[in-house]
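Just so we're on the same page: letters track the sequence lines, and every chain starts at 1. The figures that follow rest on heavy atoms only: side chains count, while hydrogens, waters and symmetry mates do not. Note that the structure is a prediction, hence the values are computed from the model and not measured.
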There are 2 protein chains.
Amino acid sequence: MTQTKTDPRVIRTRSLIMDSFIQLSGKKDFKDITVKDLTAEAMINRATFYYHFEDIYDLLEKALSEVLLVNLDYEHFRDSRLDEEALVRIFTAVTNFQLSLSNRCHSGYEDTIARIIRNQLEVIFSKMLSGQDPEADDQSLQITAAMLSWEIYGASVEWRRNSGVDPGDFIRPALSSVLNGIRVVR
Amino acid sequence: MTQTKTDPRVIRTRSLIMDSFIQLSGKKDFKDITVKDLTAEAMINRATFYYHFEDIYDLLEKALSEVLLVNLDYEHFRDSRLDEEALVRIFTAVTNFQLSLSNRCHSGYEDTIARIIRNQLEVIFSKMLSGQDPEADDQSLQITAAMLSWEIYGASVEWRRNSGVDPGDFIRPALSSVLNGIRVVR
DNA sequence: TCGAGTGTGTTGTATAAGCGACACTTCCGC
DNA sequence: GCGGAAGTGTCGCTTATACAACACACTCGA
């Protein structure tokens, strides 16, 4: 883990952009946010934006991924086992994330957002799985992670239809079969 | 008034430093604030500090001057006459400024602060005076401004001993003679 | 159909900011 | 007194950001 420290200017600029993006997305639809808007709000040069992001969609992905990752509090349990408790926490984080998004305008980006969530989940699951099972076959591990992320994301979509239910209570019954799936793969 | 726009990086960095200074001065004595403290708090490089300020005393002056100038709301009445109303507002601003300072630790810097206040007042007075009297003699105008700043500052020190009195009520009785002084010079 | 207006990406160049290193001072425990 | 720790100011070099300009695409109203 010898990650070379990133330049503080980069950290500053990135969070200026991300914050402005979150800010703006509270005011208008994602699709109506222009790079010009964004850089004006963040008080950074437009060329600087392109130094950090390919385009506005790239920013969308990275910003949402980061917010989700914070919600997931990944660092807090990156080394814990992928058991029922962990899954409940992850699921709750995903539902929280979707709730926070529902306050914002993102019409037309539902699929993108779904993909981002599944991607993040997949990364986390695969890390946790390989952490608790270092000699497991890499490919089957990836597949398990992918399946898990689909199941958890799908459950969160289900959950959104039953407003008011506690996420933990909602997901717990479904977990035994999911955890069985993990065990089978191992 | 063709002021060349200042680089946004400069604005950002300066306010990072100033804000951190205000922040830190709420926690410890001015004299205990080191440049290292400051740059750590502001998350900027120490060399960058010296790019903008000679040393920590230079920062003290500039930071306090700026805060005072904001309190004075100079832009708001730069073109108005230097009459009783203006003087009351300026005096009130000075007392507000001193009140805000009294919540902070600045032992040993009383003289410096006094000088800063008088300097700022002098600049403002001289601008207002020359604005309302373009053909006035420059030197006597400077002298008037200097005298005024001493009187107003002195009154604010007086006022601090009589806690609770409204600044306006406090200064108004003294203003007739002050305004007379201005008239005599003209 | 056109042309003006607006947003997008990209490029070259200037400059602010970061970084490590240095010599120097001050302070404090031994 | 001495030596180390910590702060100060400065320097040379690298890198991120600002800025102006450009070609391109798209839209919209005349």
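B/Lys31 has a carboxylate O that lies under 4.0 Å from a charged side-chain N of B/Asp29, or vice versa, which qualifies the two as a salt bridge.
Residues satisfying the ring-ring contact (aromatic ring centres under 6.0 Å, His included) test with A/Phe21, not counting sequence neighbours, are A/Phe30. Under the rule for a side chain to side chain donor-acceptor pair (under 3.5 Å), the partners of A/Thr34 that lie at least two apart in sequence or sit in another chain are A/Asp37. Under the ring-ring contact (aromatic ring centres under 6.0 Å, His included) criterion, B/Phe53 pairs with B/Phe49, not counting sequence neighbours. Taking A/Arg46 as the reference, nothing meets the side chain to side chain donor-acceptor pair (under 3.5 Å) condition, with sequence neighbours excluded.
Two different hydrophobic clusters hold A/Val67 and A/Val123 under the rule that ILVMFWY side chains link at heavy-atom gaps under 4.5 Å.
Sorted by first and then second residue, the salt bridge (charged side-chain N to carboxylate O under 4.0 Å, His left out) pairs with a member in residues 102-125 of chain A read A/Glu61-A/Arg115; sequence neighbours excluded. Residue pairs that meet the salt bridge (charged side-chain N to carboxylate O under 4.0 Å, His left out) test with at least one member in residues 137-165 of chain A, sequence neighbours left out, are A/Glu158-A/Arg161. The salt bridge (charged side-chain N to carboxylate O under 4.0 Å, His left out) contacts involving residues 8-19 of chain A comprise A/Asp7-A/Arg9, where partners must be two or more places apart or lie in separate chains.
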Please table the atom pairs, donor to acceptor, closer than 3.5 Å between any side-chain atom in residues 87-95 of chain B and protein atoms at least two apart or in another chain.
from: B/Arg89; atom 1: NH2; to: B/His76; atom 2: ND1; distance (Å): 3.2
from: B/Thr92; atom 1: OG1; to: B/Val88; atom 2: O; distance (Å): 2.7
from: B/Thr95; atom 1: OG1; to: B/Phe91; atom 2: O; distance (Å): 3.4
from: B/Thr95; atom 1: OG1; to: B/Thr92; atom 2: O; distance (Å): 2.7

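Summarising the geometry of A/Ser25 relative to A/Ile22, their closest heavy-atom pair is OG-O, 2.9 Å, with the distance given to 0.1 Å. The shortest non-hydrogen separation linking B/Leu129 to B/Ala145 is CD1-N, 4.1 Å.
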* To do: Scan nucleotides 11-28 of chain D nucleotide by nucleotide, 5' to 3', and note B when protein non-hydrogen atoms come under 4.0 Å of the base, S if they reach only the sugar-phosphate, - if neither.
  => B---BBBSB-B-------
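Taking the screw axis at each terminus of the helix from C/dT1-D/dA30 to C/dC30-D/dG1 from five consecutive base pairs, the angle between the two is 30° to within rounding of 10 degrees.
Nucleotides of DNA chain C with any atom under 4.0 Å from a heavy atom of chain B span, from 5' to 3', C/dT15 to C/dA21.
Within residues 27-40 of chain B, no residue has a heavy atom under 4.0 Å from DNA chain C.
In this structure, B/Asp55 places its CG atom 5 Å from P of D/dG9, rounding to the nearest Å.
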